[in-house]
Amino acid sequence: MLRNIMESMEFAHQIAAAVQAGETTAESVVTEALRRAQLVQDEHNAFITIIDTAIEQAKAVDAKRAAGETLGKLAGVPVVIKDNICTKGVLTTAASKILSNFVPPYTATVVERLELADAIVIAKANLDEFGMGSGNENSAFGPASNAWDTSRVAGGSSGGSAVAVATGVAPIALGTDTGGSVRQPAAYNGIIGFKPTYGRLSRFGVIAYASSLDQVGVMARSSEDIALAMDVMAGHDPQDSTSVVDDVPAFSAALDDASLKGMKIGLIEELCGDGNSEATVAAIEKTKAQLTELGAEVVNVSLPNIRYAISSYYLIAPAEASSNLARYDGMIYGNRQGEDSLGQAESMMLTRGEGFGPEVKRRILTGSYALSAGYYDAYYGKALKVRRLIADDFAKAFEDVDIMLTPTAPSPAFKIGEKTDDPLASYLIDIDTVAANLVGIGGMSVPAGKAEDDMPCGIQILAPVMKDERLIQVARALENAAGNDFSPLAKTW
Ligand code: GLN
């Protein structure tokens, strides 16, 4: 009975409709989701916490229905939340030893809004420590492995969230995206990853990495589920001063407009050629042909300064991180190490030395260096100027095109351990994704079939500031064209 329920309800919109109609119960859906979570955990290490008490929330949703109350848009839908997003009373570690027993006293606004719509948080997902990484290998809890091949990385930093969606544990997961952390793992696991315009989703309750770049993003296997989650979560939050106050579009409305007639799409030349794997280039070509068939006009655009995006990002992100992570000193935040008799400075040094992993330390050192007196102008200051030039390039190109197109990553998921000795090699993977964060625009990774070794491949679409719904429209059109092959489940249950 339970099997059949989940088999016919792969997507959030189907589950919510069935729970609302009383065709199934939230309890039975969540029971099955928790069962899957445990099996996926054993195989992929996708989670840091599986929330068994989620059953109680599910029962509460069922009780609401029994009492005749109208249920929310995500009634009974299991959701997975990246473990750097705070959940009241539930361990939230950011995959760091320093926060390994942090239980937040409040819930992030985005999660609160999902719960208000009757979604059920069933697990907290694995990630790179504080979101710093591109393979989920920098987690104090060990790497999450790819949904399609356990010898490969899940992608990063929201690796566990992507695996949860790709394996069918939950139809919707939240990640955070500072330089590509929602889009790249989505591409590596064959699902949609959407980072909206900066400020569109509240960051209240999200553990900060680089505040001028951080944005919450959604992962799902259908454009309809992405739109549904956005409709529920978007909108101003007075608790986050960077949250935009403009009216929110009905993201679901973009689903009805799946024709791309008259849309002009710019292929970013600098990101589509050399440096990409053969199959990635082929995927771009295939997508280009599909988009043309769907009525869009695809042209080449050049963004000359985008070649400095990685350098700029890897100064700005660590600089902001070095400041944001200063709070983990064992005084208020962070597991304090050493005897109480230690002096303050020694206690802080011991706490930070023991609590942070090597990549986080590297970022704190680089960031502090880039910000230090005498080097500020040469590094951080220059990175900010380059950021402006890249933004100008985008603004100019968007005068002529409606959206832009690039690969999401230069190649499909790499082998676990392959890049651990070479941090620069891992930074370069972010070449396609960091610009959207530097500029603050929305970006989405859409499945584009399989690449080398039969691993999933994604293409990235980018829209001007606050035009995020265009991305949902394009994803919907590509999804319609691909049919059942669009985002297949990595597991059969
Ligand atoms: N890979 C990038 C980094 O390590 C992006 C991470 C992210 O978006 N959180 O900084």
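Because the structure is a prediction, the values reported are computed rather than measured. Counting convention: from 1, in listed order, for ligands and their atoms alike.
With N126 contributing its side chain and G142 its backbone, the two residues share a donor-acceptor pair below 3.5 Å.
Ranking protein heavy atoms by distance to atom 2 (C) of ligand 1, first place goes to D430 OD2, 3.0 Å. Scanning the protein heavy atoms around atom 6 (C) of ligand 1, the nearest turns out to be S181 OG, 2.8 Å. Residue, atom and distance of the protein heavy atom nearest to atom 5 (C) of ligand 1 are Y313 OH, 3.3 Å.
Around CG of D274, the count of heavy atoms belonging to other residues, nucleotides or ligands within 6.0 Å does not exceed 12.
For R152 and D453, the salt-bridge test passes: some basic side-chain N is under 4.0 Å from an acidic carboxylate O. The pair K396-D392 fails the salt-bridge criterion, with no side-chain N (NZ, NE, NH1 or NH2) lying under 4.0 Å from an Asp/Glu carboxylate O.
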Trace of the side chain to side chain donor-acceptor pair (under 3.5 Å) decision for T280 with S411: CA-CA 6 Å; T280 304; S411 49; 5.9 Å; no
Chi angles and distances behind the side chain to side chain contact (heavy atoms under 4.5 Å, CB included) call for F47, F141: CA-CA 9 Å; F47 307 110; F141 299 85; over 6 Å; no
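Between atom 8 (O) of ligand 1 and the options G217, G179, S134, the minimum heavy-atom separation is to G179.
Inclusion of G156 in the set of residues having an N or O under 3.5 Å from an N or O of ligand 1 is not warranted. By the 3.5 Å distance cut-off applied to N or O atoms, T176 is not counted among the residues near ligand 1. Of the polar atoms of G180, at least one N or O is found under 3.5 Å from an N or O of ligand 1, judged by distance alone. Note: no N/O pair closer than 3.5 Å links K82 and ligand 1 by distance alone.
Both the backbone and the side chain of T178 come within 4.0 Å of ligand 1, judged by heavy-atom distances. Residue R363 touches ligand 1 through its side chain alone, judged by heavy-atom distances below 4.0 Å. Counting heavy atoms under 4.0 Å from ligand 1, residue Y314 touches it through the side chain alone.
For ligand 1, the atoms lying closer than 4.0 Å to a non-hydrogen atom of M132 are 4 (O). Within the listing of ligand 1, atoms 8 (O) sit less than 4.0 angstrom from a heavy atom of D177.
Residue contact check for ligand 1: A317 places no non-hydrogen atom closer than 4.0 Å to it. For Y427, the heavy-atom gap to ligand 1 stays at 4.0 angstrom or more.
Aromatic ring centres of Y427 and Y313 lie farther apart than the 6.0 Å criterion allows. Residues F130 and Y328 bring their aromatic ring centres within 6.0 Å.
Remark: V182 engages S158, D177, M219 in a side chain to side chain contact (heavy atoms under 4.5 Å, CB included) (not counting sequence neighbours).
Residues D214 and T176 bring no donor and acceptor atom of their side chains to less than 3.5 Å of each other.
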